[in-house]
Structures are given as structure tokens and as C-alpha cells.
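Every heavy atom of this structure was used, including side-chain atoms; hydrogens, water molecules and symmetry mates were not. Both counts, for ligands and for their atoms, begin at 1 and track the order of listing.
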Amino acid sequence: MTRTLRDLPAGLAGKRGLVRVDYNVPLAAGQVADATRIEASLPTLRWLLRRDVRPVLLSHLGRPRGQPNPALSLEPVASALAGILDAEVVFFAPCDGEDALRASRELGAGQILLAENTRFLPGETANDGALAGRLARLGDFFVNDAFGTLHRAHASTTGVPALLSPSAAGLLVERELEALGALDLPRRPFIVAFGGAKIGDKIELMRRFVERADLILVGGAMANTFLRAQGIETGTSLVEEEALDLARSILAAGAERIRLPTDVTVLDRSGGEGESAESVESVAVGEIEPQMAALDIGPESRARYAEALRGCAAFFWNGPMGLFEDPRFSAGTFAIAGAAAEATATGGFTVIGGGDSAAAVRQAGLRDRVSHVCTGGGAALEYLSSGRLPGLDVLAERRRP
Ligand code: ADP
Ligand code: MG
């Protein structure tokens, strides 16, 4: 069992709680465009503030690759957090300097400190021990509530808790693990759906579901990769060339449990008479022409997938079925979202993981009609497939006295 806030010793008042949060939020015009992840951190922050802890928050935002990048500053997040929590939020940069240390020590009751983007420093993703040491000085104990980054072994996620004791998981992490654990119960049938575009990251994890799931529904660019792996023409569709061998081995291991689309909705850029005419149509797999790009699963596949989900007991979904941001290619994704809501209504336990998949479910207005929406897709996949996460293992390693 992972230690949580509730397992921390008493007497935290006045102490600095160093909290790794996941404030990797979308920004638009220098403002927080979606505060879901900030809101998800509130239970832990309120829990700490009620006990007169001084929270010092660490987070990354985007992929600045070890260099300061004003477009990825957490400063707008500090104002957003102050507004939502109605508390004073002090922002400081960089996250590891002497100023940061001083600011953490001067923190007063009810105040919160948010440090600048940890990934502005090259040592963060390299899990540099010296950086972890400088960060660990900012707190008297450590809480990891950044569910979305628990699958990464970075300085702020695994380096700090190896140095700072006690450490524990936050309330968001606890809630996420509970939901994913509920999929682990013997609920059958257990169906998973994979789609989206980040194939390299996910296809390896997908292999591990071949034994666990009763049925695997595949859509999105992930499906294109499987079609191409079977030698089917996929035109100009997005395909992960480097994953073709892996796709073939997954099919060899569990073809009878894997469903691929039988038809796809394509963008046809054939153009006529020197014009760059575009048309959208649905064609059978096998009739995709070289100038076509498959951008959604087709109507027959939508119906097959929705039918498969009817009455399922457990469902996990990662990755949109198509380029749903474009309404011409959103039908497949929304059909799965609708089927997930129906399965929930008939007693199924349904979990959506992945930033874009979660956005699609919200856009479909079904956010409250599925059992749980994870704040981290990669972490959810990793935990479901292996039962472990580097950010959790390091919390569990220390024994309670
Ligand atoms: P998540 O964030 O849910 O984990 P990903 O990041 O892997 O999912 O993929 C989401 C993206 O995949 C979306 O922006 C969507 O437009 C894109 N996508 C899905 N299907 C296709 C496709 N057939 N061709 C191109 N892009 C696709
Ligand atoms: Mg995504």
C-alpha cells in the first residue's frame, strides 16, 4: 500500500510541505485555458492548509527541454491558483536557488509558494541528484500529488522523495489509484479502447493488455499503424513506422481479442482540374487510396464498437478514435464516449485516461456520465498494465517507523 497524507505523523503545523503537483495546464494568450488540473490539486492543498502546513509547490509545464522559456512559465498558474483557492500565492523563479529557499522559510500561515517550471533546469528530467538535493531543501516533508507524472523518474518526482522523509502520496493520487484499482477487480467483460496519435509511447503498454482484457478496440492513428502492419494501404494517414513490428507481434499474440476498424472516414486530397479540392468520405478498409488520409473510424466500425461496449462491466479508454478537434472527424470519438456513458448507466465501471480523450468526453458533455476521468493518461496506462509507477515505488520504499 502506498502511504498517503493520512499516514503522515501528527504535528505538521508550521512545517513546509513540499508538494509535487501536476500543473501542466493548457495556456492561451498567457492565461490558463483549462483549470481542471489546478482544481484537482485543491483537496490536498486544503488538507495541508487546515493543518497549518506551509505548502511549497513544484510542477513542470510543457517541454522546455532544460531551458527557461517565458511561454512555459508557471506564473499565470500562480494567479489562477490564487483566484480559485482564495489564498495568497507567492511565485518565485528559479525553483532551486537560494532565494527560493529563503522564500520557503519566510512563508506565513495560509500562504502558498509556487516555484517556476522544474523543467527549466536540465537536471529535472535527468533526475540529477544535486538538483534533487536543492529542491529537497525547500520542504520539511514531501507529498507527491502529480498523478500525471508518476510514471516519470525525474528529480522532482523520484529524486526528492529519496532524500526527504517522510513522504506520501496526495489525495488526488489516492483517488486516481482507487479508480484504477476498481478496474482490477474481477469485473468481466473488461474492454479497453486505444486510439490517439502518441503511438510510440503507448503501443508497448498495449501489448500487456492482450492477456488482461477481454476485448481491445483500436481506433485513431493507432489503428492506421495496425492496418499498415498487415500490409493494408493507408495512403497519407498518420502511421508510426517504427512500431510496425510491434503491432505485428501484438496481433500475433491476441488477434482474436483485437478489433480493428473495417471502415474509415478519410480526407481525400485528390483535387480536380488543377484545384486542390478536398472531400470527406467513408470507405472500407482495403479501399483507402494513396492520396487519402484516414482521420476517423467509419460508421460501420462505430456501430460495431458501440455494440461491443453494450453491457460491459469495466472499460478503460485512452486515445481519441479520430481527429475529433475537426467536427468532420469527431463521430467515432463521440460514439465511443456515448457508448461509455451508456455502459456506466447500466452498471459498468468506466475510466477515461489521457488529456485529449478527457477533453473529448467533456466536449461531448459526458464528463459526469462516466465513472472516472484520469488526470494522466500515460501514468494510468503504466499503472494498469504493470501495477507499478516509479513515483509510487519511491514512496513505498521507506518503511513507516
Ligand atoms: P490522449 O491525450 O488522450 O492520450 P493522444 O495524445 O495519444 O491521446 O492523441 C490525441 C490526438 O490524436 C488528438 O489530437 C487527435 O486529433 C489525434 N488523432 C486521433 N486519430 C487520428 C488520426 N487518425 N489521424 C491523425 N490524428 C489523429
Ligand atoms: Mg494527448
Find all atoms of ligand 1 within a distance of less than 4.0 Å from any non-hydrogen atom belonging to [X], and give their numbers and elements.
X      : value
Gly319 : 3 (O), 8 (O)
Ser357 : 1 (P), 3 (O)
Asn318 : 4 (O)
Asn224 : 23 (N)

Could you grab the distance from atom OG of Ser385 to atom CE of Met206, nearest 0.5 Å is fine?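 That separation rounds to 12.5 Å.
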Got a second to check how far Arg63's CZ is from Asn69's CG, nearest 0.5 Å?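 Output value for this atom pair is 14.0 Å.
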At what distance is the nearest protein heavy atom to [atom], and which residue and atom is it?
atom                    : result
atom 5 (P) of ligand 1  : Lys202 NZ, 3.4 Å
atom 18 (N) of ligand 1 : Gly322 O, 3.8 Å
atom 22 (C) of ligand 1 : Ala221 N, 3.7 Å
atom 23 (N) of ligand 1 : Ala294 O, 3.2 Å
atom 24 (N) of ligand 1 : Leu295 CD2, 3.6 Å
atom 10 (C) of ligand 1 : Asp356 OD2, 3.4 Å
atom 17 (C) of ligand 1 : Ala197 CB, 3.9 Å
atom 14 (O) of ligand 1 : Glu325 OE2, 2.5 Å

For the ring pair Phe194 and Phe209, is the centre-to-centre distance below 6.0 Å?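 Centroid distance Phe194-Phe209: below 6.0 Å, so yes.
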SB check Arg388 Asp393 (cutoff 4.0 Å):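 Between Asp393 and Arg388 there is a salt bridge, with a charged N closer than 4.0 Å to a carboxylate O.
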Any carboxylate oxygen within less than 4.0 angstrom of a Lys/Arg side-chain nitrogen, looking at Arg362 and Asp34?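 Salt bridge present between Arg362 and Asp34.
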Under 3.5 Å, is there a donor on one side chain and an acceptor on the other for [X] and [Y]?
X      : Y      : answer
Glu300 : Thr262 : yes
Glu281 : Thr265 : no
His372 : Glu176 : yes

Whether Gly377 lies under 4.0 Å from ligand 1, heavy atom: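 No heavy atom of Gly377 comes that close to ligand 1.
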Any side-chain heavy atom of Arg328 sitting closer than 4.5 Å to one from Glu278?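 Contact flag for Arg328/Glu278 side chains = yes.
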Residue selection (non-hydrogen contact nearest atom 27 (C) of ligand 1) among Leu323, Leu267, Thr225: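 When every heavy atom of Leu323, Leu267, Thr225 is considered, Leu323 comes closest to atom 27 (C) of ligand 1.
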